[in-house]
Amino acid sequence: MPLFDYFRASGADAVRRVMDAGGGRSPVGNVFDGIDAKGVDPGVVLGMMIAAIQQVPWNSDLVTDRLAWPAGREQDPDYEGPWVSELSTSVRDVLARAGDVPRVAREWAQIEELGGNVDVADAEAFIESMIGLARRAREAEELMFCWMSL
């Protein structure tokens, strides 16, 4: 299962410096404020959380991101990771403004991509963590990033 960590940082340059110095290891916990998200990929699973928050159907445009690290690997089919993507500020801001977390958790916990049987309390705790991270990022005028590894 691919691994995903979400974190906040001042910008892609700071992320690249840390990632180059750390050999690609996740910067969460030892350098940047963030959370271990295990199988919560940005495009689909996080996208479904964003859809639940906004009360809209999921679509692939809800979470947009761009490669932040490693530079120049966007079109390299042989590169197998890890990667860091910069999430759009709209994702950060939707999370930071999220309300009615119990409703979002009930809906999100049932998605097929999570197996359809995640404990609602666990989903709520994770969503609260993502909201907290997004709020701290917004307050500090920082961006959100996703580290991922196969």
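The shown structure was predicted, so the numbers you read here are calculated from the model rather than taken from an experiment.
For the atom pair CZ (R92) and OH (Y6), the distance works out to 16.0 Å, reported to the nearest 0.5 Å. With values rounded to the nearest 0.5 angstrom, L3 atom CG is found 7.5 Å from D5 atom CG. Rounded to the nearest 0.5 Å, atoms CZ (F145) and CH2 (W147) are 15.5 Å apart. The line from OG of S10 to CG of L143 is 8.0 Å long, rounded to the nearest 0.5 Å. Atom SG of C146 is separated from atom CD of E86 by 12.5 Å, given to the nearest 0.5 angstrom. The structure places CG of D122 at 11.0 Å from CG of L114, a figure rounded to the nearest 0.5 Å.
Under the rule for a salt bridge (charged side-chain N to carboxylate O under 4.0 Å, His left out), the partners of D36 that lie at least two apart in sequence or sit in another chain are K38. Contacts of E142 classified as salt bridge (charged side-chain N to carboxylate O under 4.0 Å, His left out), with partners at least two apart in sequence or in another chain: R8. Every ring pair (Phe, Tyr, Trp, His ring centres under 6.0 Å) that W83 has, sequence neighbours left out, goes to Y79. With sequence neighbours left out, the salt bridge (charged side-chain N to carboxylate O under 4.0 Å, His left out) criterion links D100 to R103. Under the rule for a salt bridge (charged side-chain N to carboxylate O under 4.0 Å, His left out), D61 has no partner lying at least two apart in sequence or in another chain.
Within the 4.5 Å cutoff, the side chain of F7 has no heavy atoms near those of the V31 side chain. Put simply, the side chain of M148 reaches to within 4.5 Å of the side chain of S85, judged on heavy atoms. In this structure, Q54 and L62 have side chains that are in contact, with non-hydrogen atoms separated by less than 4.5 Å. Within the 4.5 Å cutoff, the side chain of V91 has no heavy atoms near those of the M144 side chain. Counting heavy atoms from C-beta outward, I35 and V28 have side chains that stay 4.5 Å or more apart. Contact check for V18 versus F32: side-chain heavy atoms found under the 4.5 Å cut-off.
Closest of all the heavy-atom pairs between A123 and A109 is CB-CB, 3.9 Å. For the residue pair R135 and A98, the shortest heavy atom distance occurs at NH2-O, 3.2 Å. The minimum heavy-atom distance between V104 and G99, with the atom names listed, is CG2-O, 4.0 Å. When all heavy atoms of A134 and A96 are compared, the pair lying nearest together is CB-N, 3.7 Å. Nearest heavy-atom pair across I131 and L95 is CG1-O, 3.5 Å.
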Q.
Could you go through I111 and W58, starting from their C-alpha distance and side-chain angles, then the distance that decides it, and tell me whether this counts as side chain to side chain contact (heavy atoms under 4.5 Å, CB included)?
A. CA-CA 11 Å; I111 66 171; W58 174 85; over 6 Å; no

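Checking side-chain atoms of R16 against main-chain N and O of A71 turns up no donor-acceptor pair under 3.5 Å. Counting only distance, with no hydrogens or angles, the side chain of R136 and the backbone of G132 share a donor-acceptor pair below 3.5 Å. A donor-acceptor distance shorter than 3.5 angstrom exists from the side chain of R25 to the backbone of G22, with no hydrogens or angles considered.
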Quick one: side chains of residues 40-50, donor-acceptor pairs under 3.5 Å with protein atoms, not counting sequence neighbours, listed by atom name and distance.
residue	atom	partner	partner atom	Å
D41	OD1	V45	N	3.3
D41	OD2	G43	N	3.3
D41	OD2	V44	N	2.7

